[in-house]
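Heads up: the structure comes next, in structure tokens.
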Amino acid sequence: MERFPALISFLLLFMATEIVTTSVERENKSSSAGLIWSTAKEEGDLVHKAGHADDSTAAADDVDGGFSSLEGMLQWAIGHSDPAKLKESAQDVQRLSPSELKQRQLEIKELMEKLKMPSDAQLMQIALDDLSNSSLSLEDRHHALQELLILVEPIDNANDMCKLGGLGVIIRELDHPDSDVRKFSAWILGKASQNNPYVQKQVLELGALATLMKLVNSSSADEATKAFYAVSALIRNNVAGQQLFFAEAGDKMLQDILSSTRMDVRLRRKAVFLVGDLAECQLENIDKAEMPFFSNQFFLKSVVDLTASSDLDLQEKALVAIKNLLQLRTTEAMVFKEFCRLDDALERMKKQLEDLMLDEDHREYVTDVESLRKEVELSFQAKLGNVRTVPT
């Protein structure tokens, strides 16, 4: 199926020209007369390949929307061509004089240069240049940011954007008056920073964390959620980032999100998930002093209270956070019991899950959550038992 007849014709002409040029060069070095194919086998190979091209290669190039190399383009053209037309193109080129052949070759190579696909780094540079243009329309600004959002996902591309000076450009966009521009900019920083210490360090040094934390308070739920995603990506598995987060009153920000039922549920899920992640990070770095907010009774209660939510996903994430918090040295079992009323919360949740078990559609998921609830209950009892066995 010839979906791109012009491109196929061009590529076939290129192949034919290259073949005939090679023949001319060999002829100039031989004693034989006349213009010939380099070998009969090469002509046969071309016809054979045209009928039996590698479907997987052709399909991959077609889906990808581009070609990784000239060879890939030629393979695609062979697979989408008519063998008779391929041979005819070669015969037409054979009729050209040596000077005409040379001129045709130069013209084709010039066109090939224009057809070259830009690299990801070049595409990022184009988008960054667009964003640096103060007269760029809002629509084009959104488009440039959306392009970068896709491009920065591979870790190598994220690192390249740093080297191109792109982080500074994106961070400036966090102050843009348009909410979508701020949302996409935060999203890009989050994607680039995810599990990437190199980018995390650069973004933190550029002072973006404080700005992102302010955007978490946005009236736009989408903007707030993407800003929180970026904050989480910056400080996850990054002790220096976590210290800066707490210095910027990150614990208060988390507590406000967890305690407010008016907050978007997506934001509350992300917040309690981050609490569990931070507690786990603390457990993995036992030589580091535990952050004071982990033992704050009001903060702990805001996490435990999430077990009463009507959102099962939120409840599950709260259980994971509680399980990790119970294992910390500085959290006190009696605070969980007397102030947070964790035992009552777990019993209440048990009854709720028993009712949900009656729904066959959700039974498997509910069973998993109940298993987690039991784990938390056992951890809680173990922590209480340790308190009771300590001699007075």
Side-chain angles (χ1 to χ4, degrees), residues 235-237 239 242-243 245-246 250-261 268-357 363-392:
I235 68 175
R236 184 165 284 120
N237 299 319
V239 175
Q242 291 168 18
Q243 291 172 342
F245 175 72
F246 298 131
D251 54 335
K252 184 179 184 306
M253 183 189 80
L254 285 174
Q255 187 175 336
D256 288 344
I257 295 172
L258 298 176
S259 302
S260 176
T261 56
R268 301 181 83 200
R269 288 174 189 157
K270 288 182 182 296
V272 74
F273 184 83
L274 180 59
V275 171
D277 193 72
L278 292 175
E280 184 177 11
C281 183
Q282 186 75 70
L283 291 169
E284 293 170 354
N285 294 274
I286 56 176
D287 56 322
K288 303 289 184 183
E290 292 183 4
M291 295 296 174
F293 87 100
F294 283 135
S295 55
N296 182 301
Q297 60 183 6
F298 295 102
F299 182 86
L300 295 176
K301 189 174 189 303
S302 69
V303 178
V304 172
D305 286 349
L306 292 178
T307 60
S309 170
S310 59
D311 185 274
L312 193 57
D313 188 19
L314 183 58
Q315 288 179 302
E316 181 186 24
K317 288 177 170 57
L319 286 173
V320 173
I322 295 167
K323 180 183 173 182
N324 292 340
L325 289 167
L326 284 167
Q327 297 177 62
L328 296 177
R329 296 188 308 270
T330 56
T331 56
E332 298 181 16
M334 298 311 294
V335 169
F336 278 108
K337 179 176 177 61
E338 296 178 356
F339 189 79
C340 301
R341 306 303 296 254
L342 179 57
D343 47 357
D344 292 341
L346 292 174
E347 186 61 28
R348 182 175 60 248
M349 191 172 182
K350 178 182 178 181
K351 294 177 180 178
Q352 177 193 9
L353 293 174
E354 286 174 351
D355 292 338
L356 291 174
M357 288 278 191
R363 185 173 297 165
E364 185 176 352
Y365 178 41
V366 174
T367 301
D368 291 340
V369 176
E370 170 58 16
S371 296
L372 178 58
R373 189 202 66 81
K374 287 179 179 177
E375 285 186 54
V376 172
E377 191 170 46
L378 289 173
S379 295
F380 178 42
Q381 294 301 327
K383 198 172 184 77
L384 281 173
N386 289 337
V387 173
R388 290 167 183 156
T389 57
V390 173
T392 57

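Counting begins at 1 with the first residue of the sequence. Since the model is a prediction, treat every value here as computed from it, not as a measurement.
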Problem - Side-chain heavy atoms of L356 within contact of V369, under 4.5 Å - result: no
Problem - Nearest-0.5 Å distance, CG of residue L278 to CZ of residue F294 - result: 5.5 Å
Exercise for the section: Starting at CG of L328, measure out to CG of N324 and round the result to the nearest 0.5 Å. Expected result: 7.5 Å
Completion exercise
What one should report as the nearest heavy-atom pair of K337 and L384 is CD-CD2, 4.0 Å
Problem - F339 vs V304 side-chain heavy atoms within contact, under 4.5 Å - result: no
Fill in the blank from the handout: Smallest heavy-atom separation, S379 atom then L326 atom, equals CB-CD1, 3.9 Å
Handout entry: Derivation and outcome, side-chain contact (heavy atoms from CB on, under 4.5 Å), residues L274 and R236
Key = CA-CA 8 Å; L274 180 59; R236 184 165 284 120; 4.0 Å; yes
For residues 312-320, dump all side-chain donor-acceptor pairs below 3.5 Å to protein atoms at least two apart in sequence or in another chain.
{"unit_1": "D313", "atom_1": "OD1", "unit_2": "K317", "atom_2": "NZ", "d": "2.7"}
{"unit_1": "D313", "atom_1": "OD2", "unit_2": "K317", "atom_2": "NZ", "d": "3.3"}
{"unit_1": "Q315", "atom_1": "NE2", "unit_2": "T307", "atom_2": "O", "d": "2.5"}
{"unit_1": "Q315", "atom_1": "NE2", "unit_2": "S309", "atom_2": "O", "d": "3.2"}
{"unit_1": "Q315", "atom_1": "NE2", "unit_2": "Q352", "atom_2": "OE1", "d": "2.7"}
{"unit_1": "E316", "atom_1": "OE1", "unit_2": "Y365", "atom_2": "OH", "d": "2.7"}

Handout entry: D251 to F246 - nearest heavy-atom pair and separation
Key = N-CD2, 4.2 Å
Problem - OG1 on T261 to CG on D305, rounded to 0.5 Å - result: 11.0 Å
Practice task
Output yes when a side-chain donor or acceptor of E375 lies under 3.5 Å from a complementary backbone atom of K323, and no otherwise.
Solution key: no
Practice task
State whether the side chain of N285 and the backbone N or O of C281 hold a donor-acceptor pair below 3.5 Å, judged by distance alone.
Solution key: yes
Completion exercise
When every non-hydrogen atom of V272 is compared with those of A321, the smallest separation belongs to O-CB, 3.8 Å
Handout entry: Pairwise distance CD(E347) to CD(E377) - rounded to 0.5 angstrom
Key = 7.0 Å
Completion exercise
Rounded to the nearest 0.5 Å, the CD atom of Q381 sits from the CG atom of L346 at a distance of 9.0 Å
Practice task
Answer yes or no: is there an ion pair linking R373 with E370, defined by an N-O contact shorter than 4.0 Å?
Solution key: yes
Practice task
Answer yes when R268 and D311 have at least one side-chain N-carboxylate O distance shorter than 4.0 Å, and no when they do not.
Solution key: no
Completion exercise
For I286 and R329 the tightest heavy-atom approach is O-NH1, 3.4 Å
Exercise for the section: Please tell me if the side chains of L325 and V275 come closer than 4.5 Å, counting only heavy atoms from C-beta onward. Expected result: yes
Practice task
Check the pair Q243 / M291 against side-chain contact (heavy atoms from CB on, under 4.5 Å), numbers first and verdict last.
Solution key: CA-CA 9 Å; Q243 291 172 342; M291 295 296 174; 3.7 Å; yes
Problem - From R269 atom CZ to L306 atom CG, the distance as rounded to the nearest 0.5 Å - result: 12.0 Å
Problem - Check ion pair K252-D256 (N to O, under 4.0 angstrom) - result: yes
Exercise for the section: Assess whether atom CD of E284 is packed by more than 12 heavy atoms of other residues, nucleotides or ligands within 6.0 Å. Expected result: yes
Problem - Closest approach of F336 to T331 (non-hydrogen atoms, all atoms of both residues) - result: CE1-CB, 3.8 Å
Handout entry: N296 side chain to F299 backbone, donor-acceptor under 3.5 Å
Key = yes
